[in-house]
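I have placed the structure first, in the form of structure tokens, so that the comments after it can refer back to it.
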There are 2 protein chains.
Amino acid sequence: MSFSGQAVRKSLPPMQSQFPVAKAPAAGGHPNAVLGQENDVLSSLDTLGSVCRFARNETLFDQGQDLQSSYKIVSGAVRLCRLTADGRRQIAEFRVAGDFVGLEWDGQYALTAEAVRDVVAIRYARSRVDRMIAERSDIREGVFGLIRRDLRAAQDHLITLGCQTAKERVASFILQLARRDGTRDGETIEMQLGRQDIADYLGLTLETVSRTFTELKRKGIIALPKRRQVIVRSTARLTAQTAGLN
Amino acid sequence: MSFSGQAVRKSLPPMQSQFPVAKAPAAGGHPNAVLGQENDVLSSLDTLGSVCRFARNETLFDQGQDLQSSYKIVSGAVRLCRLTADGRRQIAEFRVAGDFVGLEWDGQYALTAEAVRDVVAIRYARSRVDRMIAERSDIREGVFGLIRRDLRAAQDHLITLGCQTAKERVASFILQLARRDGTRDGETIEMQLGRQDIADYLGLTLETVSRTFTELKRKGIIALPKRRQVIVRSTARLTAQTAGLN
DNA sequence: CGCCCAGTTGAGACATCTCAAGGCGCGTGG
DNA sequence: CCACGCGCCTTGAGATGTCTCAACTGGGCG
């Protein structure tokens, strides 16, 4: 049962925090060949854009706004989320260096994009992107593939939110991080995210996330060297916590 | 806060249960112009397909299988879901007459498709669909649009599963049904789905769904004339149960 | 007419949330 | 370089919503 291989893999921040990354995103040897390929093709968009910056917690765009720009993230991390009238928040995805945001819709933004930490990005006028998509089939295919990947990620996320217990969610999440960064047992994962962001992504409260991290640590399955770092001690045992999902 | 207008709207069974519907799906006056339009364009695929039937609970295809066929549903209803090793199930979407399934991915099916009730469908060989997508830009656009709509639906679904209480989920769900069928207060909605399917869609147990229906009925917000029928008595009061979401 | 399945209802268990307090790491300023 | 303070994280205790297990009911189909 390995259908969620693509899962929310591309969801989390890379190691470098402030070092601006050049156009070829840092993810050297990223296991997802498709992603790399798409980004290569889509990097021909680069010349059309202008650099811009967002401070931590600043909003790139709001759900419902007319879609005027798309962005490629150069450094930092962005959360894509839905906000409700009474303040509840559901994070759909995290985007990091090399990823695009605002490419997937037409008309209006479906999600709000906020900077998890300071972000440098390239902004593209939507009209130009649309023209590229119309004119170049390779770019069209690239965008198409990204959207398909997003759909899959969202569907994988549905299982997490619909069927998993807190322990399973956190375990799956850590495994996603590890897979995404290509780390092995014993290597440090820089997760960049605070407990609240993780909670909003997993549909839990920050206290529950914290307790679950603590429990996994107590069992020796993971280590928590410092704030926003995790080390997987045993991928096998962590996987065992996910009840066949991950 | 009306961002979920697109939501899982296209998710549920139409009124006619067994009457096979001709190629122009029954949904006369469907509020979603885009959907209608897309289907019109995509109906030019019809000539490529062959009719097939599936009994209630039969599987159209399994997650992970190589994607060989796409289907257009003529009558009945299909659930698209993920199954876990230990028997948990999360339904991502329901598809009904006029909808396509298996169109959205390449490579392998990401979800399992099962017949909620007896289904008549048109099957298209994937190779032919791919050719059409490559050759005809209007079809390509149609498919593209459908996938974008699916993505939006999935993201809306994330909020339901991540943030809403049982009462809010059920209320949102009924409102989706009503909107989808275009019914007004006092009109009967044929939902076609059993409590278990609703539960698996909403990330609840069937008992909780049942209790919630009962409570809404007791309050006079809805009526439950018979099995698998609902009548919304007050859309306003029902909306009030959703905490700004729906 | 009666069986069978879907749905309802109840009672108790339990996971997660809520509210609250305490600790400590990290960045800042001295 | 070290001390300080703020915010993040952890931990605790109690409340509660949902699940679980179980019995019962009713409608529909054979």
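So you know, we letter chains A, B, ... as the sequences are listed, proteins then strands, and number each from 1. What you see is a predicted model; the values in this text were computed from it and never measured.
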- Note on the structure: Residues passing the side chain to side chain donor-acceptor pair (under 3.5 Å) test with Ser70(B), sequence neighbours excluded, are Arg126(B)
- Can you tell me if His157(B) uses its side chain to pair, donor with acceptor, with the backbone of Leu158(A) under 3.5 Å? no
- Does Asp200(B) come within less than 4.0 Å of Arg88(B), counting only side-chain N to carboxylate O? no
- Query: Starting at CD of Gln196(B) and ending at C1' of dT8(C), how long is that distance when rounded to a whole Å?
  - Reply: 15 Å
- With sequence neighbours excluded, tell me which residues meet side chain to side chain donor-acceptor pair (under 3.5 Å) with Gln229(A). Glu190(A)
- Note on the structure: Residue set satisfying side chain to side chain donor-acceptor pair (under 3.5 Å) with Arg169(B), at least two apart, ordered chain then number -> none
- Query: If we ignore angles and hydrogens, is there a donor and acceptor under 3.5 Å between the side chains of Thr183(A) and Asp181(A)?
  - Reply: no
- Message: Holding to salt bridge (Lys or Arg N to Asp or Glu O under 4.0 Å), I want the full list of residues that pass it with Glu187(B), two or more places apart in sequence or in another chain.
- Response: none
- Query: Just the endpoints, please: which first and last nucleotides of DNA chain D, 5' to 3', lie under 4.0 Å from a heavy atom of chain B?
  - Reply: dT18(D) to dG26(D)
- Can you list every salt bridge (charged side-chain N to carboxylate O under 4.0 Å, His left out) pair that touches residues 202-216 of chain B, not counting sequence neighbours? Lys167(B)-Glu215(B), Glu215(B)-Lys219(B)
Interface polar pairs with nucleotides 3-6 of chain C, N/O, under 3.5 angstrom:
unit_1	atom_1	unit_2	atom_2	d
dA6(C)	OP1	Arg56(B)	NH2	3.4
dA6(C)	O4'	Arg227(B)	NH1	3.2

Produce the list of close N/O pairs, under 3.5 Å, pairing protein atoms with atoms of nucleotides 16-18 of chain C; give distances to one decimal.
unit_1	atom_1	unit_2	atom_2	d
dT16(C)	OP1	Ala166(A)	N	2.6
dC17(C)	OP2	Thr205(A)	N	3.3
dC17(C)	OP2	Thr205(A)	OG1	3.1
dC17(C)	OP2	Thr208(A)	OG1	2.4
dT18(C)	O4	Arg211(A)	NH2	2.8

- Note on the structure: Here the distance between atom P of dG25(C) and atom CD of Gln229(A), to the nearest Å, is 13 Å
- Below 4.0 Å: OP1/OP2 of dT9(C) and any side-chain N or O of Thr214(B): yes
- Note on the structure: Rounded to whole Å, CG of Leu224(A) lies from C1' of dG25(C) at a distance of 14 Å
- Message: Over all strands shown, is Ser210(A) touching base, sugar-phosphate only, or nothing at heavy-atom distances under 4.0 angstrom?
- Response: base
- Message: So, using side chain to side chain donor-acceptor pair (under 3.5 Å) as the criterion, who are the partners of Thr208(B) when residues are at least two apart?
- Response: Thr205(B)
- Can you name the residues that form a salt bridge (Lys or Arg N to Asp or Glu O under 4.0 Å) with Glu114(A), not counting sequence neighbours? Arg79(A), Arg89(A)
- Apply salt bridge (charged side-chain N to carboxylate O under 4.0 Å, His left out) to Arg149(B) and Glu104(A), showing your working. CA-CA 10 Å; Arg149(B) 215 156 43 82; Glu104(A) 47 273 81; over 6 Å; no
- Task: Only pairs at least two apart or in different chains count here, so list each salt bridge (charged side-chain N to carboxylate O under 4.0 Å, His left out) that has a residue in residues 224-239 of chain B.
- Result: none
- Task: For the helix from dC1(C)-dG30(D) to dG30(C)-dC1(D), measure the angle between the helix axis at one end and the axis at the other, each built from five pairs, rounding to 10°.
- Result: 40°
- Mark yes or no: Arg195(B) above the aromatic ring of Phe213(B), with NZ or CZ under 6.0 Å from the six-membered ring centre and no more than 45 degrees from the axis. yes
